[in-house]
Amino acid sequence: MTELEKEISRRRTFAIISHPDAGKTTLTEKLLLFGGAIHVAGAVKSNKIKKTATSDWMDIEKQRGISVATSVMGFDYGEHKINILDTPGHQDFAEDTYRTLTAVDSVIIVVDIAKGVEMQTRKLMEVCRMRNTPVMIFVNKLDRLGKEPFDLLDELEEELGIAVRPLSWPIDQGPGFKGVYNIHQSKLDLYTPSKQTVTNSIGFDDVMHPALETHIGASNAAQLREDIELINGIYEPFDVQTYLKGHLAPVFFGSALNNFGVRELLDCFVQIAPTPGFTKTEERVVAAKESDFSGFIFKIHANMDPNHRSRIAFLKICSGKFERNVNYKHVRFGKMMKFSAPTAFMAQKKSIVDEAWAGDIIGLPDTGTFKIGDTLTSGEDLHFKGIPSFSPEMFKYIENADPMKSKQLQKGIDQLMDEGVAQSFTHQMNGRKIIGTVGQLQFEVIQYRLEHEYAALCRWEPIQLHKACWIESDHPESLELFKKRKFQYMAVDKEGRDVFLADSEYVLRMAQSDFEDIRFHFSSEF
Ligand code: G4P
């Protein structure tokens with residue numbers, strides 16, 4: 001095995017996703033504890049904005065700082081190198097999460113036993129399904145009363161649109177919670193409520209063994225035997241290949257807060273989760289083990305300090321090895337550039353690195369050179385696919401509120417859009433700029449950042465829009481006709497692509513039925 005192959009095969013790059021409050025931060029923290037990356041609970045700050053705090057600017061600023069620190073957490077676990085990519089919990093930052101999912105090889109979904117599948121989880125799972133990302137599910141908070149486990153499994157299958165297979169099984173829940181039977185490793189993990197200690201495990205190949213009663217009592221033992229028999233009857237044996245194709249999700253039960261069931265999840269994860277594999281580009285498929293370096297920018301983060309408009313561009317290495325101070329091609333500019341201070345993320349610290357491998361994420365200091373989706377390579381012209389922008393849900397005209405600062409405003413808008421904070425469109429009829437977002441919070445973030453980082457003032461004006469969709473057609477004449485007829489509804493996005501602005505669901509449906517030659521897309525990647 002070459003050094004590159006060895007480095008790749010030990011890497012596991014993934015994201016933990018959940019609806020806010022299901023326990024993502026707590027689980028992340030426990031995983032870091034196991035990796036020895038942190039030593040006390042409470043060290044990982046929650047990367048979320050509480051709903052009640054939307055008007056508190058300091059909170060958003062703090063949040064931005066926290067999320068830089070916890071954007072990527074790398075640590076060694078046994079012979080493995082784990083990279084956890086954090087995703088913002090707040091739904092107004094959903095676009096950010098979608099993009100992060102383009103940089104991972106697999107995903108762990110956290111579900112609250114009492115709440116089951118929630119809205120945000122459902123949406124994020126759609127993105128995983130689009131990309132066939134392998135998914136593992138951790139059902140959390142077993143120390144509390146919640147749904148009946150078989151009902152929950154049905155709900156997971158139905159709501160997430162993926163087949164599931166339990167690899168562990170809870171013994172009671174809430175105050176009566178005794179632990180889980182680890183089907184994957186045939187052992188009984190007994191629960192002792194404690195936030196710091198690690199699970200107590202007893203090897204148990206056969207649940208029929210009479211000793212089971214002495215550990216969990218007669219009625220729990222009878223129930224567990226019945227459940228395991230039912231599981232073996234209903235579910236196919238777990239098949240790793242089906243999981244790796246993204247068609248089957250193994251399910252674990254536990255309590256992140258009590259550090260219960262977390263090691264089992266992690267041990268199984270490092271064993272079966274995919275190593276960095278293949279990434280599609282417009283030109284060809286790139287394999288991680290190719291010796292030439294390539295990677296793409298999936299996230300850009302502005303620094304906290306408003307006096308230095310510096311940013312960090314997050315690069316996912318897709319193939320080969322990245323080295324400090326070596327020239328790489330910035331494909332969009334067709335220009336070679338080298339980086340003297342690339343940072344790696346170990347635990348919660350950033351430090352300058354000399355080299356990094358496929359599967360890793362590095363941070364590149366940026367002063368406006370990068371935008372989301374940019375590619376760096378050893379020299380080949382590659383364009384990575386699959387960083388979609390989704391059709392925004394809220395729209396406003398952005399106007400200059402200080403005529404002396406129009407240049408600053410323009411620059412600020414351009415850079416914020418490159419960062420992926422929101423999307424901008426130019427209305428064809430009146431030339432006005434429209435900003436589209438997925439949540440109200442972005443408008444506030446944009447206004448605040450324009451003022452504090454670019455010294456520009458903006459003003460929002462309402463526009464009644466239902467959806468913006470990208471249009472295309474195999475028939476240029478149909479496209480031209482459509483654009484002419486719908487002139488007052490047409491705009492272009494930042495890349496100059498045609499966008500149809502439908503002001504109501506009805507208008508959109510009419511357009512779709514009147515122009516059958518035209519395809520309407522709700523994501524920029526088609
Ligand atoms: P998130 O990142 O998915 O939003 O969730 P987070 O980990 O912040 O957890 C949300 C709440 O659920 C936290 O309580 C956390 O302590 C609790 N929690 C996480 N895992 C478990 C579990 O296994 N059992 C129980 N009973 N609770 C769990 P909080 O009161 O909102 O926050 P905090 O004050 O404890 O930080």
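Below, each value reflects all heavy atoms present in this structure, side chains not excepted, and no hydrogens, waters or symmetry copies. Remember, it's 1-based here, ligands and their atoms both numbered in the order they're listed. Since the model is a prediction, treat every value here as computed from it, not as a measurement.
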Legend entry - Heavy atoms from other residues, nucleotides or ligands near CZ of Phe278 exceed 12 (cutoff 6.0 Å): no
Legend entry - ligand 1 atoms in contact with Pro20 (distance to a heavy atom under 4.0 Å): 4 (O)
Legend entry - Atom indices of ligand 1 within 4.0 angstrom of Ala256 heavy atoms, with elements: 23 (O)
Inset, instruction - For the pair Asp360 (side chain) and Ala356 (backbone), establish whether a donor and an acceptor sit closer than 3.5 Å, ignoring hydrogens and angles. - result: no
Inset, instruction - Could you point out which residue of Phe138, Phe177, Phe253 forms a ring-ring contact (aromatic ring centres under 6.0 Å, His included) with Phe260? - result: Phe177
Inset, instruction - Below 4.0 angstrom from a heavy atom of Leu257, which ligand 1 atoms are there? Numbered from 1 as shown, please. - result: 16 (O), 20 (N), 21 (C), 22 (C), 23 (O), 24 (N), 25 (C), 27 (N), 28 (C)
Inset, instruction - With side-chain contact (heavy atoms from CB on, under 4.5 Å) as the test, would you mind laying out the steps for Lys24 and Asp86 before giving the verdict? - result: CA-CA 9 Å; Lys24 180 169 66 78; Asp86 196 20; 3.0 Å; yes
Legend entry - Interfacing atoms of ligand 1 (cut-off 4.0 Å, heavy-atom, Ser255): 22 (C), 23 (O), 24 (N)
Legend entry - Asp21 neighbourhood, listing ligand 1 atoms whose heavy-atom distance to it stays under 4.0 Å: 1 (P), 3 (O), 4 (O), 5 (O), 10 (C), 12 (O)
Inset, instruction - Please work out whether any backbone atom (N, CA, C, O) or any side-chain heavy atom from C-beta onward of Asp143 is under 4.0 Å from ligand 1, and answer side chain, backbone, both or neither. - result: side chain
Could you go through residues 103-118 and list every donor-acceptor pair under 3.5 Å that involves a side-chain atom there, pairing it with any protein atom two or more places apart or in another chain?
| unit_1 | atom_1 | unit_2 | atom_2 | d |
| --- | --- | --- | --- | --- |
| Asp112 | OD1 | Ala114 | N | 2.8 |
| Asp112 | OD2 | Lys141 | NZ | 3.4 |

Inset, instruction - Counting heavy atoms only, name the option from Glu29, Lys141, Lys30 that's nearest to atom 17 (C) of ligand 1. - result: Lys141
Inset, instruction - State whether the number of non-hydrogen atoms from other residues, nucleotides or ligands found under 6.0 Å of Glu213 atom CD is greater than 12. - result: yes
Inset, instruction - Say whether Asn258, considering both its backbone and side-chain N or O atoms, lies within less than 3.5 Å of an N or O atom on ligand 1. - result: no
Inset, instruction - Report yes if Leu27 has an N/O atom closer than 3.5 Å to an N/O atom of ligand 1; otherwise report no. - result: no
Inset, instruction - Please list, chain by chain and in numerical order, all residues satisfying ring-ring contact (aromatic ring centres under 6.0 Å, His included) with Phe298, sequence neighbours excluded. - result: none
Inset, instruction - Within a distance under 4.0 Å of any heavy atom of Ser18, pick out the atoms of ligand 1 and give their elements. - result: 3 (O)
Inset, instruction - Heavy-atom contacts with Lys24 under 4.0 Å: which atoms of ligand 1 show up? List them by number with element. - result: 1 (P), 2 (O), 3 (O), 5 (O), 7 (O)
Inset, instruction - Look up atom CZ in Phe314 and atom CD1 in Ile361, then write down how far apart they are to the nearest 0.5 Å. - result: 9.0 Å
